[in-house]
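One structure is given here, and the rest of the page talks about it.
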Protein chains: 2
Amino acid sequence: MAQIKHSRQREAIRIFLMSRKDHPTAEAVYAHVKEEYPNISLGTVYRNLTFLVDNGEAIKVPCDDGSVHFDGNVEPHPHFQCRKCGAIIDLDFDGTKCENALNKAAATDFEGIIEGNVTFFYGICPECRRENS
Amino acid sequence: MAQIKHSRQREAIRIFLMSRKDHPTAEAVYAHVKEEYPNISLGTVYRNLTFLVDNGEAIKVPCDDGSVHFDGNVEPHPHFQCRKCGAIIDLDFDGTKCENALNKAAATDFEGIIEGNVTFFYGICPECRRENS
DNA sequence: AATAAACTAGTAATAATTACTGTTATTATA
DNA sequence: TATAATAACAGTAATTATTACTAGTTTATT
Ligand SMILES: [Mn+2]
Ligand SMILES: [Mn+2]
Ligand SMILES: [Zn+2]
Ligand SMILES: [Zn+2]
């Protein structure tokens, strides 16, 4: 029952995450919030990102290349990463049907419990595609 | 055309990976190969794991929790991680159909190129399920 | 056997993240 | 509104995973 106190820094981080669609890293969040709070510490950013994730106000997006990004959009939605530039992009389609089908298929002959799955897409992002052609 | 020279250490790592079904981490590989080659360096393990992955003799399995595991089974197959104990387990079913369907669905209204996707399952492994009940 | 270069052990360096500590900001309450 | 309790902070140190470096060793070729 430890109470939660408001903090300007946490709020700034939250607002920033929600305003972005490009899934910033902890470092990117730090770089931005530093403009408003020049003394903010990187530890504070990490602590609050974890806090927000734990409280359902943000999502942690661990990518296939090992990098970790954050998302202010907590609606479940699939992600895509560009093999060229590493950008993380939202994919706007509903994969629920496929997801459920996969879970069901996976559960066959499996003695454990399949609770769900995360599908991560990769390829070439629109920008890199244009540049390349 | 840099030639490749055989090395006992690399071979030991390769053999060990192939003999395992539990997807060891770099550290776990190190711990084991150290028994046969007490002087082997952790750097050598990392270098060779990367080598094997680059040469199609192993697969790198970056998990949702940030940990990185390795797999001597290079046949494409889906993975599952237990939320309780963290174990990585192979799932023996063919998800190709769903995967293709997902790629197609994802490609709709997407200006980039969807090359593929990685689906990672999570839940409770058989062992943890038994213990818990 | 001699040579060249790939590979190794040992160690140092880097990157990402977490832990610690004394100080500050926030909230509840007198 | 002042006081008190403590959540949260800044600054820094520590940890973890991984990569880079270098002098010496092993492997393959002549
Ligand atoms: Mn997103
Ligand atoms: Mn496997
Ligand atoms: Zn791109
Ligand atoms: Zn388990």
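These numbers come from a predicted model, not from an experiment. So you know, we letter chains A, B, ... as the sequences are listed, proteins then strands, and number each from 1. Quick note: numbers below take in every heavy atom, side chains included, and nothing from hydrogens, waters or symmetry partners.
The distance between atom CZ of B:Arg47 and atom C1' of C:dG10, rounded to the nearest whole Å, is 11 Å. The CD1 atom of B:Ile4 sits 17 Å away from the C1' atom of C:dA4 (whole-angstrom rounding). When the C1' atom of C:dT24 is taken as reference, atom OH of A:Tyr37 falls 14 Å away, rounded to whole Å. Rounded to whole Å, the distance from CG on B:Asn48 to P on D:dT19 is 13 Å. In this structure, A:Asn39 places its CG atom 16 Å from C1' of C:dG22, rounding to the nearest Å. When the C1' atom of D:dA5 is taken as reference, atom NZ of A:Lys5 falls 6 Å away, rounded to whole Å. The nearest whole Å value for the distance from the NE2 atom in A:His69 to the C1' atom in C:dA16 is 13 Å. Straight-line distance from the CG atom of A:Leu49 to the C1' atom of D:dA8: 15 Å, rounded to whole Å.
For C:dT8, the OP1/OP2 oxygens have a side-chain nitrogen or oxygen of B:Ser7 closer than 4.0 Å. At least one side-chain nitrogen or oxygen of B:Gln9 sits closer than 4.0 Å to the OP1 or OP2 atom of C:dA9. Close to C:dT8, at under 4.0 Å from its OP1 or OP2, lies no side-chain N or O of B:Ser41.
In this structure, A:Arg8 fails the cation-pi test against A:Tyr37, since its NZ or CZ atom is not both closer than 6.0 Å to the six-membered ring centre and inside 45 degrees of the ring normal.
Residue contacts shown for B:Glu27 are absent, as no nucleic acid heavy atom lies under 4.0 Å away. Within 4.0 Å of B:Leu42, counting heavy atoms only, lies at least one base atom of the nucleic acid. Backbone-only engagement by B:Arg8 is indicated by non-hydrogen atom pairs under 4.0 Å involving sugar-phosphate atoms exclusively.
When all heavy atoms of A:Asn103 and A:Gly116 are compared, the pair lying nearest together is OD1-C, 3.6 Å. Closest non-hydrogen pair, B:Ile89 versus A:Phe110, comes out as CG2-CE1, 4.3 Å.
Checking B:Pro38 against B:Arg10, the closest nucleotide of DNA chain C that is more toward the 5' end is the one next to B:Arg10. Between A:Phe51 and B:His6, the residue anchored nearer the 5' end of DNA chain D, judged by the nucleotide with its closest heavy atom, is A:Phe51.
No more than 12 heavy atoms of other residues, nucleotides or ligands sit less than 6.0 Å from atom NZ of B:Lys60.
Checking D:dT19, C:dT17, C:dA9 against every side-chain atom of A:Tyr46, the shortest atom distance belongs to C:dT17.
Using a 3.5 Å distance cut-off with no hydrogens or angles, the side chains of B:Arg47 and B:Thr50 do not pair a donor with an acceptor.
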